[in-house]
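Keep in mind that this is a model prediction, so the values were computed, not measured. We count ligands from 1, going down the list as the structure has it; atoms in each ligand are counted the same way.
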Amino acid sequence: MKKGDRIIRYRAAERINHWIVAICFMLAALSGLGFLFPSFNWLMNVLGTPQLARILHPFIGVTMFAAFLLMFFRYWHHNLVNKDDLLWARNIHKIALNEEVGDTGRYNFGQKCVFWAAIISLILLLLSGVVIWRPWFAGAFNIPMIRAALLVHSLAAVGLIVVIMVHIYAALWVKGTLTAMVEGWVTSAWAEKHHPRWYREQRNRSTQQEKRP
Ligand code: HEM
């Protein structure tokens, strides 16, 4: 593997999966903010009309959850925290200055936090969303439960929006990252700088493949 080589990071199915989650997130987040704040009511029109937004928002949310679940089962084992992550977290001030710290694998500690925060908030959004889903399920719950679910739903949504803003900022800020999710590849220089352990694993794998008769 030479310095300028490209390394496959995501296959087409993985990228389609991710962008389905991202599009559902945008639609659910914008229409949801439209429900939450009177000054954002106009955002409901992102789904056509406010009436359509009320109907479609929960279905889009369930689609996002199901699509993210596929990502969860694909990537959970790459997102387990190890001792290099703690070193990364302790040196966050260096990371902010574009230095790299520790022997990072496929994902760094920041990405791992986004991953776990996303699954936790999506589970909370799904459970609380079912309780407040009119006309299908809300009738089965009492008023205090619906109030509590509304609070959990709003807090989890705002939390996830903040987390995804950080995720998008990092994806745009670290040069060479966006091609991973758009075209599926990264340069070997990018991998060696930001994910050295993952780079070595990929390099060893390609050397073994080259040796095979
Ligand atoms: C416009 C919005 C978004 C952009 C531009 C974006 C961009 C990216 C990029 C470039 C990567 C590849 C990073 C890498 O491999 O190092 C990525 C990975 C990922 N994205 Fe997004 N993303 C967006 C929305 C979302 C949303 C809404 C979610 C979840 C709710 C999400 C969850 C993930 C996850 C789980 C990964 C894999 C990283 C990991 O498992 O730790 N993304 N994204």
Suppose we measure from [atom] to each protein heavy atom; which comes out shortest, and what is that distance?
| atom | answer |
| --- | --- |
| atom 16 (O) of ligand 1 | Gln111 NE2, 2.8 Å |
| atom 41 (O) of ligand 1 | Asn79 OD1, 2.9 Å |
| atom 15 (O) of ligand 1 | Tyr10 OH, 2.5 Å |
| atom 38 (C) of ligand 1 | Tyr107 CE2, 3.5 Å |
| atom 36 (C) of ligand 1 | Met71 CE, 3.9 Å |
| atom 5 (C) of ligand 1 | Trp19 CH2, 3.7 Å |

What atoms of ligand 1 come closer than 4.0 angstrom to any heavy atom of [X]?
| X | answer |
| --- | --- |
| Arg9 | 14 (C), 15 (O), 16 (O) |
| Met26 | 1 (C), 2 (C) |
| Phe25 | 27 (C) |

Sequence neighbours excluded - side-chain hydrogen bond (donor to acceptor under 3.5 Å, both in side chains) pairs with any residue from [range]:
| range | answer |
| --- | --- |
| residues 154-164 | none |
| residues 20-32 | Ser31-His57 |
| residues 138-153 | Ser128-His153 |

Non-hydrogen atom of Phe109 closer than 4.0 Å to ligand 1: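 It does not, in that no heavy atom of Phe109 comes within the 4.0 Å cut-off of ligand 1.
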Within-shell test, Phe72 vs ligand 1, heavy atom, strictly < 4.0 Å: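 Flag not set, Phe72 not near ligand 1.
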N-O pairing of Arg197 and Glu201 below 4.0 Å: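 Here Arg197 pairs with Glu201 in a salt bridge, since their nearest N and O are under 4.0 Å apart.
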Ring centres under 6.0 angstrom apart (Phe72, Trp116):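 Yes, the ring of Phe72 comes within the 6.0 Å limit of the ring of Trp116, centre to centre.
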Distance below 2.8 Å from atom 21 (Fe) of ligand 1: protein N/O/S atoms: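 Listed by chain and number: His18 NE2, His167 NE2.
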